[in-house]
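Heads up, the thing below is written out as structure tokens.
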Amino acid sequence: MPAHYSLSATEEAVSRRLGSIPVNREALVAVSNIHRAASAVRQHLENSALRAADLTWSAFVVLWVVWIWEEIETRHTAAEAGISKGTLTGIIKTLESRGLIERRQHPDDRRLALLRLTPEGLALMEEIFPAFNAEEAFVVDPLSGEEALHLADTLRRIITHLEEKGEERRESLHRDAPVPPRRGGRRRAT
């Protein structure tokens, strides 16, 4: 389902709301469009290539990470997929129940678990990835090959910047006023 408001309508509403508030508008537009594009791409891929396999975006990303790395610790899977360990646990249970992934104890550290695709999981990824990639090609169809590579390089530069300097920046922001630890979305009943 597409967003309720068009991109141009949203940009106009943001401009009205911000008025004369002094913000870096170029950064605002860039990051907002990264988020909006990511959401639109995710939604399109879930409703096209992943629909036939009855996979959510997060389940596909977990399968992708395990497929690429062949065998990987659960904590690294969560980090690579950009999800919490709790979310990963639910996804693993679903994928295990479908016979697509298997979990085993790490041979050197029994506290750790390793993930690996089952033969059925491997077959599924080999079957659906060409259709997934065809939809990736559809997504970037308005771009030339050179523009697509330029976009990939630009996004890679943003990712690398955050990987190299993001932690230091966050620490400096919270040095004088530490933030409380993260909690789940649920609040305790009072």
Side-chain angles (χ1 to χ4, degrees), residues 1-53 55-73 75-84 87-88 91 115 117 121-122 124-174:
M1 174 193 318
H4 181 71
Y5 295 104
S6 71
L7 178 58
S8 58
T10 300
E11 289 172 340
E12 289 172 20
V14 168
S15 186
R16 277 193 313 274
R17 170 60 62 193
L18 293 178
S20 62
I21 297 173
V23 296
N24 181 327
R25 294 186 188 264
E26 293 83 5
L28 169 73
V29 171
V31 173
S32 294
N33 284 344
I34 289 170
H35 171 73
R36 195 168 179 112
S39 295
V41 169
R42 174 182 175 157
Q43 200 167 62
H44 174 76
L45 290 168
E46 272 190 338
N47 291 316
S48 59
L50 302 180
R51 177 63 58 105
L55 290 173
T56 64
W57 174 262
S58 296
F60 173 78
V61 173
V62 167
L63 288 171
W64 167 262
V65 168
V66 177
W67 187 41
I68 294 303
W69 293 106
E70 296 184 13
E71 187 169 68
I72 184 171
E73 289 180 24
R75 62 186 170 150
H76 298 308
T77 304
E80 291 298 316
I83 57 177
S84 71
T87 299
L88 178 63
I91 292 170
L115 297 175
L117 296 186
L122 284 168
L124 176 66
M125 289 303 290
E126 290 169 2
E127 176 188 328
I128 68 168
F129 191 72
F132 185 88
N133 183 248
E135 293 310 309
E136 290 176 317
F138 171 78
V139 166
V140 298
D141 190 55
L143 307 178
S144 68
E146 185 177 314
E147 288 172 320
L149 290 174
H150 180 72
L151 173 62
D153 182 60
T154 300
L155 294 172
R156 186 177 292 110
R157 287 173 38 212
I158 292 170
I159 294 164
T160 302
H161 169 69
L162 291 172
E163 287 176 346
E164 292 174 355
K165 299 181 179 177
E167 184 64 29
E168 180 182 324
R169 171 70 174 180
R170 291 184 295 276
E171 287 175 6
S172 73
L173 290 172
H174 304 302

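Sequential numbering from 1 along the given sequence is applied to the chain's residues.
- Here Glu167 pairs with Arg170 in a salt bridge; the nearest charged N to carboxylate O distance falls below 4.0 Å.
- By the 4.5 Å heavy-atom criterion applied to side chains, Arg169 and Leu173 are counted as neighbours.
- With sequence neighbours left out, the side chain to side chain contact (heavy atoms under 4.5 Å, CB included) criterion links Val29 to Asn33.
- Contacts of Ser32 classified as side chain to side chain contact (heavy atoms under 4.5 Å, CB included), with partners at least two apart in sequence or in another chain: Leu28.
- By the side-chain hydrogen bond (donor to acceptor under 3.5 Å, both in side chains) test, Glu12 is found to be paired with no residue, residues two or more places apart in sequence or in another chain being considered.
- With sequence neighbours left out, Ser8 forms a side chain to side chain contact (heavy atoms under 4.5 Å, CB included) with Ser6.
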Throw together a table of side-chain donor-acceptor distances under 3.5 angstrom for residues 65-73, partners on residues two or more places apart or in other chains.
residue, atom, partner, partner atom, Å
Glu71, OE1, Arg104, NH2, 3.1
Glu71, OE2, Arg104, NE, 3.0
Glu71, OE2, Arg104, NH2, 3.2
Glu73, OE1, Arg75, NE, 2.4
Glu73, OE1, Arg75, NH2, 2.9

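- Applying the ring pair (Phe, Tyr, Trp, His ring centres under 6.0 Å) rule to pairs touching residues 23-44 yields His44-Phe138, sequence neighbours excluded.
- Pairing each heavy atom of Ala81 with each of Val62, the nearest pair is CB-CG2, 4.3 Å.
- With Trp64 as the partner, the ring-ring contact (aromatic ring centres under 6.0 Å, His included) test is satisfied by one option alone out of Trp57, Phe129, Phe132: Phe129.
- Take Arg51 and apply the side-chain hydrogen bond (donor to acceptor under 3.5 Å, both in side chains) test, not counting sequence neighbours, and it matches Asn47.
- Across all non-hydrogen atoms, the minimal contact from Ser58 to Ile91 is CB-CD1, 3.5 Å.
- For the side-chain hydrogen bond (donor to acceptor under 3.5 Å, both in side chains) test, no residue two or more places apart in sequence or in another chain qualifies with Glu80.
- More than 12 heavy-atom neighbours from other residues, nucleotides or ligands sit within 6.0 angstrom of NE2 on His76.
- Scanning all heavy atoms of the two residues, the minimum distance from Ile21 to Arg17 falls at CD1-O, 4.4 Å.
- Within the structure, side-chain hydrogen bond (donor to acceptor under 3.5 Å, both in side chains) pairs that include any residue of residues 152-161 do not occur (at least two apart or interchain).
- Pairs of residues two or more places apart, or lying in two chains, never qualify as side-chain hydrogen bond (donor to acceptor under 3.5 Å, both in side chains) while including a residue from residues 19-31.
- Distance check, rounded to the nearest 0.5 Å: CG of Asp141 to CD of Glu135 gives 10.5 Å.
- You'll find the side chain of Ile128 stays beyond 4.5 Å of the side chain of Leu63, heavy atoms only.
- In this structure, Ala53 and Leu124 approach most closely via the heavy-atom pair CB-CD1, 4.0 Å.
- Residues Val61 and Ile83 fail the side-chain proximity criterion, which asks for heavy atoms closer than 4.5 Å.
- Around atom CD of Glu171, more than 12 heavy atoms belonging to other residues, nucleotides or ligands sit under 6.0 Å away.
- Identified under the ring pair (Phe, Tyr, Trp, His ring centres under 6.0 Å) test for residues 6-26, with sequence neighbours left out: none.
- Partners of Thr10 by side chain to side chain contact (heavy atoms under 4.5 Å, CB included), not counting sequence neighbours, listed by chain and number: Tyr5, Val14, Arg36.
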